[in-house]
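Worksheet: one structure, shown below.
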Amino acid sequence: MNIVKIFLLAVCFGFSTAQAVTLKWAAQNDILTFDPHSQNHATTLAMLMNVYEGLTRYDRNYKVEPALATGWKEISPTQWRFTLRKDVRFHDGSPFTADDVVFSFDRIRQPQGTMQIYVANIAEVKKVDDHTIDFLLSGPHPILLRNIIDFRIMSRVWSEKNRSQNIQDYKAKEETYASRNANGTGPYTLKAWEPDKRIVFASNQNWWGKRDGNVTDVIYTPIKADATRVAALLSGDVDIVTDLPTQDVDRLRKNDKLKVLDGHEVRTIFIGLDQHSSELQYSSVKGANPFKDVRVRRALNMAVDREAIKRVTMRGLSIPAGLMVAPGVHGHSKELDKPYPHDVNGAKKLLAEAGYPNGFEFTLDCPNNRYVNDEEICQALVGMWARAGLKVRLNAIQFANFIPKILKHDTSAYMLGWGVQTFDSLYMLQSLVRTKTTGADGSFNLGRISNPKLDTTIDAIKIATDPQARDALIREALITTRDEAYYVPLHHQLRPWAMKKGVSTVHRADDRPEPRFTKVD
Amino acid sequence: MIYRGFLSGIWDHDLAWSFRRSPVTIVAALLTLACVGSALFSPWISPQDPFDAAALNLNDAFKPPAWLPGGEPAYVLGSDDQGRDVLSTIMHGARISLGVGLAAVLFALFIGVTLGLLSGYLGGRVDAVIMRIADVQLSFPAILIALLIDGVTRVALPVEMHDQIAIPVLVLAIGFAGWVQYARTVRGSTMVEKEKEYVQAARVIGRRPLAILVAHVLPNVMGPVLVIATIHVATAIITEATLSFLGVGVPATRPSLGTLIRVGNDFLFSGEWWITVFPGVALVTLVLSVNLLGDWLRDALNPRLR
């Protein structure tokens, strides 16, 4: 008996060491935090999902499938019952129970986080027994199962033990135990995070699920410089690069040691404008806020030559945008997604009508390591707006410094990209256009747009159960957003990933390669 | 009296004669003059103002140099990713590189000469302390010290101020990293000079130490300092370029040559080599010619080589 055991053990060990496969992955920027409820930021979420899990998740084809919940039942339109997976353990060994879900729900709703959108419309989470919970909704919620994917479950015991019951105050640059360490239930454990250097994951041997790939270890390296990132792939230092510099894509396609996986991203790059301050903060205009005038906002839109940005800066890898949602998001249609025509004289005329015949000055805040060619696009915008008579000062800074600044509304105009992880327009409308209140409404409405009529429409979308009526409401809200020019949408990103020939993975429109779907030969 | 002594000193070394005799030096001087001239007058003579956003056109981006297919005469050395004329950006960039280099050298010269004079003239404990500090600093590469100072100020000051203070910080950082050479040289010469009769005489007639240092010792120790300073200008420009290349120097909104090389580097793989190569060539030319001038000055001022 003992001999058999030892034999089996040896086989297991031999097997597991022989199978150690490391995926070396490089992209542009580092994550902001490891606190799963703190920052709604795509790169951060892409890392978190390896460690922390939600009740539901996407399968390879973006269908919702069970994760920490094994099943659910709609008891009434405002009450859903979830059955939780049994025998799941956190990485520290503590068991996963209903208490952890209740705890995580209370935690993610704390006002210092930016992720309330993922539990929007959920009034209460009630424990029924250790492995059953009820979601009590404030109204019908047609996309509940999609919406809660990024609501990730933390261990109550672990959080309390490490005094991390509260979300870090990111804007005040607070660090907590949970912002630096991680303890989830997911397929990988966090081994190390050296900020701006690398993140190392190791496979969780006790994970409940099954991997579709063979990756056991992941090393993520943020490499800011475009040329260096591509060189790392060419020299074989990394296996996959997800932030490809647009100018290098053609060359990488021709390299026979590499392959390029094409795909779009459900992300729209846009410029947001302060439409709340009575005097525009970083501007030559005194005593007034020109961005409150729809004519000025339209002029800004018309002065942008989106085709030139697409052709020159993006080298074809973008879709010029008129809508604030990308193709692939429910509610988007080609017919609606018509950008404002490029018309410098028209823009000048509108500015003159609004009382600014000689234009005015303002500062554009722009990240320089977040989106594809972010700083280059901002520089191009400065030139395009200059031709319409607007003098724009560019303030291009690192994303980690940029985001706390704009979250404090300490900006007059800013570049941001909005990825729609739920693949439904409501996510954009509620976060970016709905008047800011507490919670999810207007959580990234940083220009503090406020249109009560539009708010009514958006609130109606949240609870509309009839698909046709809901689609009509979404259409109305998208058109209003476009015609009122609340934002200056620039383009939807196309996101090819490049990797070694031996790597195979699934291209994700949320721009998150999943190691569990990845194979390295 | 001071100036006459100084000038006739130079004349005695026959600088003009040795200059005429060295064709390499003449070429170097002409190149330096060309670089400095085009940098100094870039706002008036550059084909385009690369900082005037309204003048840029994205549709003119990535034009190759004029002699290549697709090139245009308006963009002799091609255009960059924003449609800026590369030649113009080089001229404006050289202006910033030279400015930072010269300012840093002046700063280093000021600290170094002051400390060197004090150290050499006073001797004793002052000398020991200053020279030990110098020894410690010499054990670090200059770039590391500059990087350290630059990094610390960046962390200490709020993000919004970085762009405005980037250039002064850079000047202080590079200058502070280079004072040791001056201090050591001046200290040595001062120790020699202070024993000479004219200094003794000045002391006897009751001149104050400060006056003696500035009026009598300083002019006589400046020869070697000028040589070091010339070569240091080249080093300082390289240090600035390195820091800017690493992304901690001059911001991209007002690029120096180093910043231009860094930004252009992103397009090296995709075949738009001119965006980074020409600023690089300009940097090499500038530094090489300044260095050659410095070498010549060193040889010309060295009595043993004459």
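Because only heavy atoms are used, hydrogens play no part in the values below, and waters and symmetry mates are left out as well, while side chains stay in. Below, chain A is the first sequence line, B the second, and so on; all start at residue 1.
Residue-environment remark: NZ (A:Lys349) stays at or below the threshold of 12 foreign heavy atoms within 6.0 Å. Surrounding NZ of A:Lys501 are more than 12 heavy atoms belonging to other residues, nucleotides or ligands, all under 6.0 Å away. Counting non-hydrogen atoms of neighbouring residues, nucleotides and ligands closer than 6.0 angstrom, the NZ atom of A:Lys259 exceeds 12 such neighbours.
In this structure, the side chain of A:Arg387 does not engage the main chain of B:Ala55 through any donor-acceptor pair within 3.5 Å.
Looking at B:Val263, B:Asn265, B:Asp266 one by one, the single match for side-chain contact (heavy atoms from CB on, under 4.5 Å) with A:Asp226 turns out to be B:Asp266.
Between A:Asp248 atom CG and B:Phe267 atom CZ the span is 9.0 Å, to the nearest 0.5 Å.
Using a cutoff of 4.0 Å between basic side-chain nitrogens and carboxylate oxygens, B:Arg84 and A:Glu376 are not scored as salt-bridged.
With a 4.5 Å cut-off on non-hydrogen atoms, A:Ala231 touches chain B through its backbone and its side chain both. For A:Leu252, no part lies near chain B; criterion is any non-hydrogen pair under 4.5 Å. Residue contact with chain A, scored on non-hydrogen atoms closer than 4.5 Å, involves the side chain of B:Phe62 exclusively. Neither the backbone nor the side chain of A:Arg229 comes within less than 4.5 Å of any heavy atom of chain B. Contacts between B:Asn57 and chain A at a heavy-atom distance below 4.5 Å involve backbone atoms as well as side-chain atoms.
Taking all atoms of both residues into account, the shortest heavy-atom contact from B:Ser270 to A:Gln247 is CB-O, 3.0 Å.
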Take B:Asn59 and A:Asp305, measure what side chain to side chain contact (heavy atoms under 4.5 Å, CB included) needs, and give me the verdict at the end.
CA-CA 10 Å; B:Asn59 292 314; A:Asp305 185 353; 4.1 Å; yes
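Side-chain contact between A:Thr313 and B:Leu58 is present, with at least one heavy-atom pair separated by less than 4.5 Å.
When each of A:Arg315, A:Met384, A:Lys224, A:Arg311 is checked for heavy-atom pairs under 4.5 Å with chain B, A:Arg315 comes out on top.
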